[in-house]
Number of protein chains: 2
Amino acid sequence: MAPTDLAGPAPTDSSPAPVSAAPVPAAPLPAAERAYRAVKQAILSGESPGGRLLSEAEVGTQLGLSRTPVHEAFLRLQAEGLLDLLPRRGAVVVPVAPGEARDVLEVRRALETAAVRRLAEAAAAEREALDARLAALLADQRSLAAEQDVAAFAQADAAFHVALLEASGNTVALRLYATLADRQQRMTIGSVGRRPEHLATLVDEHRTLAALVLAGDVDGFDDAVTTHLGRTHAVLLGGAL
Amino acid sequence: MAPTDLAGPAPTDSSPAPVSAAPVPAAPLPAAERAYRAVKQAILSGESPGGRLLSEAEVGTQLGLSRTPVHEAFLRLQAEGLLDLLPRRGAVVVPVAPGEARDVLEVRRALETAAVRRLAEAAAAEREALDARLAALLADQRSLAAEQDVAAFAQADAAFHVALLEASGNTVALRLYATLADRQQRMTIGSVGRRPEHLATLVDEHRTLAALVLAGDVDGFDDAVTTHLGRTHAVLLGGAL
DNA sequence: CTGGTGAGCCTTGCATGCAAGGTCGTACGC
DNA sequence: GCGTACGACCTTGCATGCAAGGCTCACCAG
């Protein structure tokens, strides 16, 4: 058994919270949320690979929770397309589909270009405010690229692209975009760190993208971001450039 | 009380399924699924307007279910962005945001154009197969337009656009697109039937779109679909053309 | 009349219990 | 040896019970 390893210590008693010595000062986080994050993390990190059969009781025991919050977590993950709930069988981790990388990249391109299109129609002041924000993010990326910290860079990269969506003000697009980030993380993890020497190239491309946004050049952005997304994927995943 | 009217007869006993005289031969549908559909329908149809506070017990009573399946339904609807769950308060129906129509339309345009772009790169045979399918859908639409059955036409219209996404083979995009349809339905319902005399125009535009897809003219499609989506929204919603 | 305080009611969070459904393994018949 | 049927186990579906948290409203003091 023991398909995954979601919890640390196995709780022998059923007390709700084992006192918790977490440094987080905030509320102890509801059980359902803990279950959700734990299972999602296990899936995205590849710890629970595609095809794995998860059972509520099993996960619940490992996390020291009852089945109820785990069940709810499974439901949420099914809605996100990460889990497939089989009626009376269990929950299987949906395997990454063969062409999923291409699918995600295409949608990201479409959403980002749409965001830039809206920005191009907005007041120049709005674009300049965004540009200032992007400049700050670029500075971070430059140092991360210099340190060749691929994991941190991946996060900074995501922040850059999300900033575009946020600035566009299209909340519907932003929500959809967020689910894509999860999927991409899942595809990327496990091969992170493949090409740290190319991170600087990605930063350069980000600078170019920022300039195109500021200029309101939608077509130029569309071309550039298409290339960029493909390269990002290649660098982080270690595929062909 | 009685904010919504989700159930028909009030079940006095707690038997799981009241024999059910439904003509559907399939399984009696799980309780959680029934709760989900009922609540979603109530939201999308506008029966439960934005801002309304729903309680699990209340809905459960109306549907003859316990709180558990209703709770699960609420969770799913929150994931879809239709419900906002307040920790110990209840669930409020998320109101349609002011710019939501524009947001949805932009994303639809982006996703559809992306689909056509991929189709344009695919084999011509694939486009021809799609074209045949679209032609069949167009025939349906023509008769529905003639009958000025706006509700049925709205469904046929959705089917046309979904067919494009399906044919592209981008399952990620297709999933995202499906959630958009829900939102658009919610914006549309309540004003359906405003401009039945313009349905023929929409059919014509669909024919044009189909031709552009067949020809692989991505830019032409992008332009045409942008106009078309705006007009569709206007016709079904009764706004300015 | 106004401000504050307390209790009660309402809500959900979560654990548990029971029952139904499915799968797999085994034993039996051929 | 092979096919089939039966049984036990494992899974989820859902109802229920208990407890915690928040809001509202009434009551009281000033």
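So you know, we letter chains A, B, ... as the sequences are listed, proteins then strands, and number each from 1.
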K.L.:
In whole Å, what is the span from the CG atom of Asp84(B) to the C1' atom of dT12(C)?
P.N.:
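Rounding to the nearest Å, CG of Asp84(B) and C1' of dT12(C) are 14 Å apart.
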K.L.:
Does anything in residues 81-101 of chain B pair up under side chain to side chain donor-acceptor pair (under 3.5 Å), and if so which pairs, sequence neighbours excluded?
P.N.:
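Pairs touching residues 81-101 of chain B that pass the test: Glu100(B)-Arg183(B).
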K.L.:
Rounded to the Å, how far apart are Leu85(B) CG and dT12(C) C1'?
P.N.:
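The answer, rounded to whole Å, is 9 Å.
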K.L.:
Within the 4.0 Å heavy-atom criterion, would you say Ala32(B) contacts the bases, only the backbone, or no part of the nucleic acid?
P.N.:
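Here Ala32(B) touches the backbone only, sparing every base.
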K.L.:
The criterion is side chain to side chain contact (heavy atoms under 4.5 Å, CB included); which residues satisfy it with Leu229(A), sequence neighbours excluded?
P.N.:
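For Leu229(A) the side chain to side chain contact (heavy atoms under 4.5 Å, CB included) partners, ignoring immediate neighbours, are Leu105(A), Arg108(A), Arg109(A), Glu112(A), His161(A), Val225(A).
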K.L.:
Using side-chain hydrogen bond (donor to acceptor under 3.5 Å, both in side chains) as the criterion, list what pairs up with Gln41(B), not counting sequence neighbours.
P.N.:
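For Gln41(B) there are no side-chain hydrogen bond (donor to acceptor under 3.5 Å, both in side chains) partners, ignoring immediate neighbours.
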K.L.:
Does any N or O in the side chain of Arg76(B) come within less than 3.5 Å of the main-chain N or O of Tyr36(B), such that one atom is a donor and the other an acceptor?
P.N.:
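Such a contact is absent between Arg76(B) side chain and Tyr36(B) backbone.
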K.L.:
Could you pull out all residues at least two apart from Gln155(B) that satisfy side chain to side chain contact (heavy atoms under 4.5 Å, CB included)?
P.N.:
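Result, side chain to side chain contact (heavy atoms under 4.5 Å, CB included) vs Gln155(B): none returned.
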K.L.:
What pairs of residues pass the salt bridge (Lys or Arg N to Asp or Glu O under 4.0 Å) test when at least one of them lies in residues 149-173 of chain A, not counting sequence neighbours?
P.N.:
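Found Arg133(A)-Glu166(A).
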K.L.:
Describe, as an angle rounded to 10 degrees, how the axis at the first end of the helix from dC1(C)-dG30(D) to dC30(C)-dG1(D) is tilted relative to the axis at the last end, five pairs per end.
P.N.:
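The value is 10°.
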K.L.:
Under the side-chain hydrogen bond (donor to acceptor under 3.5 Å, both in side chains) rule, collect the residues that match up with Thr179(A), sequence neighbours excluded.
P.N.:
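Result, side-chain hydrogen bond (donor to acceptor under 3.5 Å, both in side chains) vs Thr179(A): none returned.
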K.L.:
How close or far is atom C1' of dT12(C) from atom CG of Leu53(B), stated in whole angstroms?
P.N.:
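To the nearest whole Å, that distance equals 12 Å.
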K.L.:
Could you list all the salt bridge (Lys or Arg N to Asp or Glu O under 4.0 Å) pairs where at least one residue sits in residues 59-72 of chain B, not counting sequence neighbours?
P.N.:
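Salt bridge (Lys or Arg N to Asp or Glu O under 4.0 Å) check on residues 59-72 of chain B returns Glu56(B)-Arg67(B).
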K.L.:
Measure the distance from CZ on Arg34(A) to P on dG13(C) and round it to the nearest whole Å.
P.N.:
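The distance from CZ of Arg34(A) to P of dG13(C) comes to 14 Å, rounded to the nearest Å.
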K.L.:
Provide, to the nearest angstrom, the distance between the CG atom belonging to Leu86(A) and the C1' atom belonging to dT11(D).
P.N.:
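Distance check: Leu86(A) CG to dT11(D) C1' gives 11 Å.
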K.L.:
Rounded to the nearest angstrom, tell me the gap between atom CD in Glu33(A) and atom P in dG13(C).
P.N.:
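The distance from CD of Glu33(A) to P of dG13(C) comes to 11 Å, rounded to the nearest Å.
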K.L.:
Could you go through nucleotides 20-24 of chain D and list every protein N or O atom that sits under 3.5 Å from one of its N or O atoms, giving the distance for each pair?
P.N.:
| from | atom 1 | to | atom 2 | distance (Å) |
| --- | --- | --- | --- | --- |
| dA20(D) | N3 | Arg88(B) | NH1 | 3.2 |

K.L.:
Show the numbers, then the answer: is there a side-chain contact (heavy atoms from CB on, under 4.5 Å) between Leu54(A) and Val92(A)?
P.N.:
CA-CA 6 Å; Leu54(A) 266 43; Val92(A) 319; over 6 Å; no
K.L.:
With sequence neighbours left out, write down each residue that passes side chain to side chain contact (heavy atoms under 4.5 Å, CB included) with Ala115(B), or none if nothing qualifies.
P.N.:
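Leu165(B), Ser168(B).
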K.L.:
Take the protein atom CD of Glu56(A) and the nucleotide atom P of dC14(D), then report the distance between them rounded to whole Å.
P.N.:
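In whole Å, dC14(D) P lies 12 Å from Glu56(A) CD.
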K.L.:
What pairs with Ala101(A) under side chain to side chain contact (heavy atoms under 4.5 Å, CB included), at least two apart in sequence or on another chain?
P.N.:
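For Ala101(A) the side chain to side chain contact (heavy atoms under 4.5 Å, CB included) partners, ignoring immediate neighbours, are Met187(A), His233(A).
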K.L.:
Output the residues of residues 66-83 of chain A in contact with DNA chain C, where contact means a heavy atom of the residue under 4.0 Å from an atom of the strand; sort by number or write none.
P.N.:
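Residues of residues 66-83 of chain A under 4.0 Å from DNA chain C: Ser66(A), Arg67(A), Thr68(A), Pro69(A).
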K.L.:
Nearest to the side chain of Ser55(A), which nucleotide is it out of dC14(C), dT12(D), dC14(D)?
P.N.:
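Shortest atom-to-atom distance from the side chain points to dT12(D).
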